[in-house]
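See structure below.
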Number of protein chains: 2
Amino acid sequence: MTLEDVARLANVSTITVSRALNHPDKVAKSTLERVTRAIEQTGYVPNMLAGGLASRRSRLIAALVPAMTNAVYAETIHYFSEALKTSGYQVMLGECGYTEESEHEIVTTVLSRRPDGILLTGVKHTLECRRQLMAARIPVVETWDLTTTPLDVAVGFSHERLGESVIDHFVDKGFTKFASLCASDRRARLREAVMKARLTRRGIAGLTFAAVPAPTDLRRGREGMRQLIEQGVNGAIVICSSDTLAHGAMIEAQAQGLSIPKDFAVFGFGDQSFAAETFPALSTVRIDRPEMGRRAAEALLRRIDGELLDDPVVDVGFEIIERETA
Amino acid sequence: MTLEDVARLANVSTITVSRALNHPDKVAKSTLERVTRAIEQTGYVPNMLAGGLASRRSRLIAALVPAMTNAVYAETIHYFSEALKTSGYQVMLGECGYTEESEHEIVTTVLSRRPDGILLTGVKHTLECRRQLMAARIPVVETWDLTTTPLDVAVGFSHERLGESVIDHFVDKGFTKFASLCASDRRARLREAVMKARLTRRGIAGLTFAAVPAPTDLRRGREGMRQLIEQGVNGAIVICSSDTLAHGAMIEAQAQGLSIPKDFAVFGFGDQSFAAETFPALSTVRIDRPEMGRRAAEALLRRIDGELLDDPVVDVGFEIIERETA
DNA sequence: GCGCTGTATGTTAGCGCTAACATAATTCGG
DNA sequence: CCGAATTATGTTAGCGCTAACATACAGCGC
């Protein structure tokens with residue numbers, strides 16, 4: 001079934017059918033009706049490979065996240081797709097792993113589909129990857145971080161400011177013993193480094209570390225917490241690089257008969273939906289993922305429409321949420 | 001940058017470049033080298049819209065799941081994509097929601113990209129959707145369920161047998177008080193119905209219900225558990241339609257000062273990675289999602305290659321995992 | 001040398017659609 | 001009722017690639 005079949009049935013030329021589908025306001029009402037009926041009768045489904053080739057608009061947007069099994073990214077993309085749906089774009093999801101090299105690999109494959117725009121996670125990419133994206137001349141939105149030199153636009157928050165705020169918050173509250181349970185993720189590591197520096201600045205000597213591989217899950221959280229308990233940091237506040245890690249840490253503490261927040265305070269990152277529902281409820285820092293997804297979609301759409309944004313860097317901020325664990 | 005640019009630089013015709021990329025064994029070694037160099041020099045990225053149009057193979061496979069934020073589906077698709085990667089297919093993920101109608105809508109959009117195959121979740125689709133898929137004449141793999149009448153091939157397990165096995169298992173172990181914490185998901189409901197029937201058959205009178213909306217999260221689990229506690233089913237085994245619900249139920253019980261499995265036994269579904277890491281460790285029924293993803297990929301690839309499978313229905317089974325909660 | 005095979009490359013004609021321009025039909029002021 | 005403006009439709013060419021069919025050329029036995 002092609003446009004031509006529909007056109008023949010409706011007794012018009014193919015371009016009229018094309019217009020009926022893409023610019024219905026440019027077709028007379030009676031014609032539009034005839035065409036619509038013909039489309040229904042034939043069960044015609046447009047071929048967007050052909051359409052994309054001819055118009056040089058694929059109506060496809062690629063979104064690359066480290067892992068789709070990571071709820072935090074899945075959610076961002078969910079809201080991102082949602083926001084794009086009304087404008088007729090489809091999202092093609094890709095997993096780019098936790099290294100720049102694997103990201104570049106995926107970018108190449110994805111570019112062969114000629115997306116009208118790309119969403120990337122993070123602002124660090126290989127030089128070659130940056131070059132390729134520039135050469136492709138398509139709008140790019142980088143998310144989950146900020147930079148003064150975005151490829152095109154960036155929508156995220158400052159991990160530096162976040163790390164400092166968290167430390168200031170807890171030092172001001174009188175905490176003196178700090179531990180970090182951190183996954184091997186570039187942005188998590190950055191926050192950790194900033195926190196360590198800030199602690200020193202605030203006159204607090206040490207930060208006890210527990211490192212676990214990304215991606216994070218309850219097991220890693222329990223593992224990390226075991227490490228910390230062995231290091232004897234009783235009474236410390238355990239700052240985790242994700243809510244999942246924090247939840248795992250809580251479970252491990254409970255399993256060892258420790259009480260939270262009495263024996264350990266625990267602090268998460270992300271404010272995932274489950275954070276408010278753990279027992280005790282997890283204190284964490286909220287990242288507004290729906291907002292980030294939506295703002296990324298909005299910025300990308302405007303860039304696709306050729307608009308030049310007066311501020312290519314959108315800071316969606318963060319918010320410290322005090323619940324019961326810290 | 002097009003094939004022609006590369007061809008000119010390598011001093012060959014465009015078709016030779018095309019062959020160098022798609023059938024390198026059909027090109028002389030010296031030519032292949034020249035072409036490869038030219039591709040590197042120009043930074044050429046193939047246009048798969050054009051390629052797909054010309055060859056009638058998009059090298060795209062669509063995968064539709066109810067929600068990508070649901071870890072269980074995200075994982076299935078992750079393994080599915082992984083298994084397809086080596087054969088040069090890209091996966092286009094779509095969210096089809098929890099109703100047949102929204103699924104049909106997405107199927108139509110997705111078909112316009114002319115995928116070489118489609119993965120669907122579940123075996124229930126609107127009549128119109130089935131028609132459209134048949135008309136498109138592309139291989140389809142239905143997952144997460146079985147049927148005697150697959151659209152094409154199905155890879156999953158029997159929810160009926162699962163429900164019966166679970167009941168038999170716990171009745172045999174001496175449980176007499178049963179409760180169901182079930183999300184409004186077609187397959188979850190099916191299992192629940194089967195379990196209820198089986199209980200009657202085994203001479204056990206009642207099954208106390210708590211229903212929560214899909215998708216499931218800790219909050220729903222806590223909510224449902226509150227319902228059950230109010231209904232006074234102390235001492236019952238709470239059979240949950242997902243591990244997440246089960247985890248939520250455990251948290252609620254603990255928050256109310258109840259002990260698991262003493263006051264309540266809890267049983268999950270899925271054996272997600274966190275199930276072994278809750279405290280106490282969650283008993284559940286394992287669904288081998290990596291296996292399901294891989295088998296789905298394998299079956300679909302064989303169908304794409306035109307093979308006729310002698311058994312179009314693949315049962316990946318399930319396994320009851322006894323841990324500490326039941 | 002002949003025809004035969006097999007390998008390496010090229011030519012031609014589309015895939016199904018839309019941009020850009022061309023033409024036809026309608027409206028409308030004067 | 002004319003010509004200009006406006007609206008509705010059609011014609012043509014081409015997007016970038018590949019299938020299918022040439023063609024060219026080397027190697028080989030006789």
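First the proteins, then the strands, lettered A, B, ... as listed; each starts at 1.
A donor-acceptor contact closer than 3.5 angstrom links the side chains of B:Y89 and B:R57. No side-chain donor from either of A:H104 and A:E128 sits under 3.5 Å from a side-chain acceptor of the other.
Pairs passing the ring-ring contact (aromatic ring centres under 6.0 Å, His included) check and including a residue from residues 111-133 of chain A, sequence neighbours excluded, do not occur. Applying the salt bridge (Lys or Arg N to Asp or Glu O under 4.0 Å) definition to pairs two or more places apart or across chains, those involving residues 99-109 of chain A are A:E100-A:R186.
A residue-by-residue look at A:L49 and A:R57 shows that A:L49 has its nearest nucleotide of DNA chain C further toward the 5' end.
Rotation axes derived from the C1' atoms of the five outermost pairs at either end of the helix from C:dG1-D:dC30 to C:dG30-D:dC1 lie 30° apart, to the nearest 10°.
Checked for salt-bridge contact, A:E82 and A:K85 meet the test: a charged N lies under 4.0 Å from a carboxylate O. With respect to the salt-bridge test (charged N to carboxylate O, under 4.0 angstrom), the residues B:R302 and B:D305 do not qualify.
Atom NZ of A:K124 sits about 13.0 Å away from atom SG of A:C129, to the nearest 0.5 Å.
Within the 4.5 Å cutoff, the side chain of B:L151 has heavy atoms near those of the B:L120 side chain. A heavy-atom distance below 4.5 Å is found between the side chains of A:V153 and A:L309. Under the 4.5 Å side-chain criterion, counting only non-hydrogen atoms from C-beta, A:L146 is in contact with A:D315. Proximity of B:N70 to B:Y98: side-chain heavy atoms (C-beta onward) are separated by under 4.5 Å at one or more points.
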All N/O donor-acceptor pairs, side-chain side in residues 9-32 of chain B, below 3.5 Å, sequence neighbours left out:
residue: B:S13; atom: OG; partner: B:T16; partner atom: OG1; Å: 3.3
residue: B:N22; atom: ND2; partner: B:S18; partner atom: O; Å: 3.2

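Legend: residues meeting side-chain contact (heavy atoms from CB on, under 4.5 Å) with B:V45, ordered by chain and number and at least two apart, are A:L111, A:S112, A:R114, A:Q132. By the side-chain hydrogen bond (donor to acceptor under 3.5 Å, both in side chains) test, B:S102 pairs with B:T99, sequence neighbours left out. Taking A:D152 as the reference, A:P139, A:V140, A:R303 meet the side-chain contact (heavy atoms from CB on, under 4.5 Å) condition, with sequence neighbours excluded.
Annotation: proximity of residues 26-41 of chain B to DNA chain D (heavy atom, distance under 4.0 Å) is found for no residue. Contact check of residues 15-23 of chain A against DNA chain C (heavy atom, cut-off under 4.0 Å) returns A:I15, A:S18, A:N22. Listed in residue order, the members of residues 2-13 of chain A having a heavy atom less than 4.0 Å from DNA chain C are A:T2, A:L3.
Checked against the 6.0 Å centroid criterion, the rings of A:F80 and A:H78 do not qualify as a close aromatic pair.
When DNA chain C is scanned in the 5' to 3' direction for atoms under 4.0 Å from non-hydrogen atoms of chain B, the outermost contacting nucleotides are C:dA8 to C:dG16.
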Between the protein and nucleotides 22-26 of chain D, which nitrogen or oxygen pairs come in under 3.5 angstrom?
none

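In B:E4, the CD atom is not crowded: 12 or fewer heavy atoms of neighbouring residues, nucleotides or ligands sit closer than 6.0 Å.
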